[in-house]
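The structure is given below, and queries will be raised subsequently.
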Amino acid sequence: GVYAACWAALLLVYAWTFHSNALVLFVLTVIGGYATMFFATPAALAKTGPERGRAKSLAAFLDSKMSVVGGTITGEARETIDAEQFVALLDGIDSEAEFAAGKLGVVGYCMGGRHVVSVAAAYPDRFKASAGLHPTSLISDRPDSPHQYLGKLTGELYCGFAETDHYAPLEMIHELDGMFAKCSVKYHREIHAGSVHGYALPDRDIHHKAGANRDWELIFAMYRRQLG
């Protein structure tokens, strides 16, 4: 069939426009051949702009909507996944015989990249191929900071980072390298030269095509290894 026997649940919490979401869904479903589900909190969907917003500067939007204090994200970006909603999503997946209790893949952008780590750690028997693209605050002083749960991850985790990103500075990326070296999960990451936060979002003014293409090359290779 067209679809592989897995489900790639997307956590596109800050993909900014429905156009961007649709392009990524197209990549996973049509090009990758994976059955795909989109997941986002209602508040995140409310922030998803109209089609005409595609030309708006994402960099300017980020500067106007978020601030960084002491290395942690504050303000509008302080949002968590509703656990009850996510359990309902997994129940929906398991209601389909071909996907029931099977291995899952997950992709998250920006804040969604942080949620990817948390979700994969919460359900290590299900999520075996996880990817975060320009993820934010993987290490912070928040009580729910993802770095506390790295030891629970299984399978593989890929992270694509921007060269310039105050939500994921190079110092944090290198600190993560040391943490993952002590974990059983297979972790690999790329830092894309010349890119800034938000680089992976398609049809954006800061889109970094080479970096985004490299991300998908590595994500699909990971999916093939872990999910088939």
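All values below come from the heavy atoms of this structure, side chains included, with hydrogens, waters and symmetry mates left out.
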side-chain contact (heavy atoms from CB on, under 4.5 Å) evaluation trace for Met179 with His147: CA-CA 8 Å; Met179 292 180 175; His147 79 276; 3.9 Å; yes
Spacing of Asp125 atom CG and Thr154 atom OG1 [to the nearest 0.5 Å]: 7.5 Å
Hydrophobic cluster identity match, Ile173 and Val117, side-chain contacts under 4.5 Å: yes
Distance (rounded to the nearest 0.5 Å) between Cys183 SG and Leu157 CG: 10.0 Å
salt_bridge(Arg114, Asp144) N-O dist < 4.0 Å: no
Shared hydrophobic cluster, Leu218 / Tyr223 (ILVMFWY, side-chain heavy atoms < 4.5 Å): yes
Approximate separation, where rounding is to 0.5 Å, of His208 NE2 and Leu201 CG: 13.5 Å
Audit row: Leu104, Leu227, side-chain contact (heavy atoms from CB on, under 4.5 Å) steps and yes/no: CA-CA 7 Å; Leu104 305 175; Leu227 306 178; 5.8 Å; no
Arg225 bridged to Glu156 by N-O distance under 4.0 Å: yes
Electrostatic pair Asp177-Arg189, nearest N-O below 4.0 angstrom: yes
side-chain contact (heavy atoms from CB on, under 4.5 Å) between Met111 and Val116, intermediate numbers included: CA-CA 9 Å; Met111 180 172 61; Val116 159; over 6 Å; no
Test item: side-chain donor near acceptor, His192 and Glu163, under 3.5 Å: no
Atom pair NE2/OG of His115 and Ser130 - distance to nearest 0.5 Å: 14.0 Å
Reported CZ-to-CG distance for the pair Phe180 and Leu150, which is rounded to 0.5 angstrom: 4.0 Å
Criterion side-chain contact (heavy atoms from CB on, under 4.5 Å) on Phe161 and Ser195, from CA distance to verdict: CA-CA 8 Å; Phe161 292 105; Ser195 66; over 6 Å; no
For the student: nearest non-hydrogen atoms of Pro146 and Ser137, plus distance: CD-O, 3.7 Å
His134 and Tyr199: CA distance, side-chain angles, deciding distance, ring-ring contact (aromatic ring centres under 6.0 Å, His included) verdict: CA-CA 8 Å; His134 43 83; Tyr199 75 86; 5.2 Å; yes
Whether His188 and Tyr158 hold their rings parallel, tilted or perpendicular, with breakpoints at 30° and 60°: tilted
